[in-house]
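When a residue number appears, it is its place in the shown sequence, counting from 1.
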Amino acid sequence: MKTRKIGFMAISFLTLAGCNATHSGNEKSQLVPADKFDLTHWKITIPTDNNNDGKVDGISAKEIQTFTHPDFFYLNGAGNMVFATPNKAFTTPNSSNTRSELHHVVGGMNSKKDGFANNFALQANKDAEQYGQIGGNLQATLAVNHVAKRAKYPNKPPAFSVVVGQIHATKDKKRVAQGDGYGYGNEPLKIYYKKWPEHKYGSVFWNYERNLAKEDPNRQDISYSVWGTPWDETTAPGEQGIALDEPFSYEVNVYQNTMYLTFTSERLGIKHFEINLANNVDANGQVDKLDHPNGYTGDANFFKAGAYDQCSIKDDPGMWYPACLGTGDWKTDKENGDYAQVTFSRLVTGRAKAPQK
């Protein structure tokens, strides 16, 4: 792995005063995350079904400007943005994992549903100019406060972990029907934090998913360690890992066709990675013959950030199902430690930046 260590940049949580805000129609109401963070280009999924339609609740970019949830999405006393999600709750149709997670909308609050305007493309995409932007940049400072503690199959890699940032490709039946290997809705990036219950420190790593059809046995995640141990190792990372409540930062910069990743810890320093998302050369510079030869060239992509709990309660032979515990009652599950929680002090997104030489 080619990594560079160039010192460290101090990072700290924002300290923001105030506990009330005035909103239209209310004399005074509790501050909401959009009062302290620019969420004009974000919508969110939370693990509830408040309208009783049998589907997980989604809050639009317009609605999120005045939205908060007392358990799953709120500002804490320091003015930081908290995401929490229990192991057992409502999920999106294509996942058995719960989430309290933002979804980037390039077109912003007033945009209509549009696969081009609301997503970004790689420069190599033949339709790149039709998208809301080419590439993009996501920066975050956060601390993981809690990960699920109980799993029937603890040795399955996703146990005790949470995803705190993603790039996701859209599902597109028309593209899949064309047979060119795009539109499956895979993930070129998932940033993980994982901590075993008995360990003091956890590990940070990122995964790249081969862009293949769901039924293809080679459709697997390739994992790269940042701090700590690999996601399938039981060894305690010790002080080379990140503790709960210890802040760290990430920057995801997709410029032209290349994804540049920067991870920063005040204690452990800076680490860099890069991978071309328009071919099948991995982050170690090796050709991955099992991946799509053109990577994610033909896909529409978007950022996600928050708490995507990887401790699925599903009891299934597949590696993604550690059969974590949970009752579906938030108070009970929180008391039992069957949930994930992440706090962001900074979240900024925008256009791609030319990498510094």
query: Given the rule in the ring pair (Phe, Tyr, Trp, His ring centres under 6.0 Å) test, do Tyr339 and Trp330 qualify, once you have shown the distances and angles that lead to the verdict?
result: CA-CA 9 Å; Tyr339 71 101; Trp330 171 241; 5.4 Å; yes

- request: Please state whether the rings of Tyr131 and Phe116 are parallel, tilted or perpendicular, taking 30° and 60° as the class boundaries.
  value: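 Plane angle over 60°, so perpendicular.
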
With a 3.5 Å distance limit and no angle check, can you tell me whether [X] reaches the backbone of [Y] through a side-chain donor-acceptor pair?
X	Y	result
Asn279	Val281	yes
His168	Phe302	no
Asn80	Val82	no
Asp333	Thr327	yes
Glu209	Asn207	no
Asp57	Asn50	yes
Asn280	Gly295	no
Thr98	Pro86	yes
Asp35	Val32	yes
Asn284	Gln286	no

Does [X] belong to the same Ile/Leu/Val/Met/Phe/Trp/Tyr cluster as [Y], with side-chain heavy atoms less than 4.5 Å apart forming each link?
X	Y	answer
Ile222	Trp227	yes
Val164	Phe303	yes
Val105	Leu102	no
Val348	Tyr255	no
Ile275	Trp231	no

task: Evaluate side chain to side chain contact (heavy atoms under 4.5 Å, CB included) for Leu189 paired with Leu261, printing each intermediate quantity in order.
output: CA-CA 10 Å; Leu189 174 67; Leu261 300 175; 4.0 Å; yes

field: Single hit among Phe83, Trp42, Phe344 for ring-ring contact (aromatic ring centres under 6.0 Å, His included) with Phe73
entry: Phe83

Quick one: [atom1] on [X] to [atom2] on [Y], what's the gap to the nearest 0.5 Å?
X	Y	atom1	atom2	answer
Asn51	Asp53	CG	CG	3.5 Å
Tyr308	Glu187	OH	CD	6.0 Å
Asp172	Tyr182	CG	OH	13.0 Å
Asn218	His292	CG	NE2	13.5 Å

Partner set under side-chain hydrogen bond (donor to acceptor under 3.5 Å, both in side chains) for [X], not counting sequence neighbours:
X	result
Asn186	Asn211, Arg219
Ser100	none
Asp180	Arg175
Glu63	Ser60

Pairwise ring-ring contact (aromatic ring centres under 6.0 Å, His included) hits with a residue in residues 49-71, at least two apart: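 Matches after skipping sequence neighbours: His69-Phe72.
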
Any side-chain heavy atom of [X] within less than 4.5 Å of one from [Y]?
X	Y	answer
Ser312	Pro322	yes
Leu142	Tyr250	yes
Leu138	Leu347	yes

Applying salt bridge (Lys or Arg N to Asp or Glu O under 4.0 Å), which residue pairs with at least one partner in [range] are found, sequence neighbours left out?
range	result
residues 77-94	none
residues 276-289	Arg210-Asp288
residues 89-99	Arg99-Glu101
residues 133-157	Arg150-Asp338, Lys152-Asp315

If we count only N and O atoms by modelled type, under 3.5 Å, do the side chains of [X] and [Y] hold a donor and an acceptor together?
X	Y	result
Ser249	Thr264	no
Ser223	Tyr192	no
Thr141	Ser345	no
Thr85	Asp309	no
Asn145	Thr343	yes

task: Evaluate the side chain to side chain contact (heavy atoms under 4.5 Å, CB included) criterion for residues Leu268 and Gln240: first the C-alpha distance (whole Å), next the side-chain angles of each, then the deciding distance (0.1 Å), finally the verdict.
output: CA-CA 7 Å; Leu268 297 175; Gln240 293 307 303; 4.3 Å; yes

query: Should Tyr193 and Leu244 be marked as a side chain to side chain contact (heavy atoms under 4.5 Å, CB included) after you check the CA-CA gap, both sets of side-chain angles, and the distance that decides it?
result: CA-CA 9 Å; Tyr193 176 88; Leu244 290 175; 3.8 Å; yes

task: Give the other cluster members for Phe160, using side-chain heavy-atom distances under 4.5 Å between Ile, Leu, Val, Met, Phe, Trp and Tyr residues; answer none if it is isolated.
output: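 Besides Phe160, the cluster holds Trp196.
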
Considering residues, nucleotides and ligands other than [X], do more than 12 of their heavy atoms fall under 6.0 Å from its [atom1]?
X	atom1	result
Asn110	CG	no
Glu198	CD	yes
Glu233	CD	yes

Contact summary for Ala159 and Tyr153, nearest pair of heavy atoms: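 Ala159 and Tyr153 have their closest heavy atoms at CB-O, 4.2 Å.
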
- request: Kindly write out the residues that satisfy salt bridge (charged side-chain N to carboxylate O under 4.0 Å, His left out) with Asp221, not counting sequence neighbours, or none if the list is empty.
  value: Lys190

task: Output all residues satisfying salt bridge (charged side-chain N to carboxylate O under 4.0 Å, His left out) with Glu251, sequence neighbours left out; order by chain, then residue number.
output: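 By the salt bridge (charged side-chain N to carboxylate O under 4.0 Å, His left out) rule, Glu251 matches no residue at all.
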
- request: Starting from the C-alpha separation in whole Å, work towards a yes-or-no answer on side chain to side chain contact (heavy atoms under 4.5 Å, CB included) for Lys314 and Trp320.
  value: CA-CA 9 Å; Lys314 188 174 181 178; Trp320 292 105; over 6 Å; no

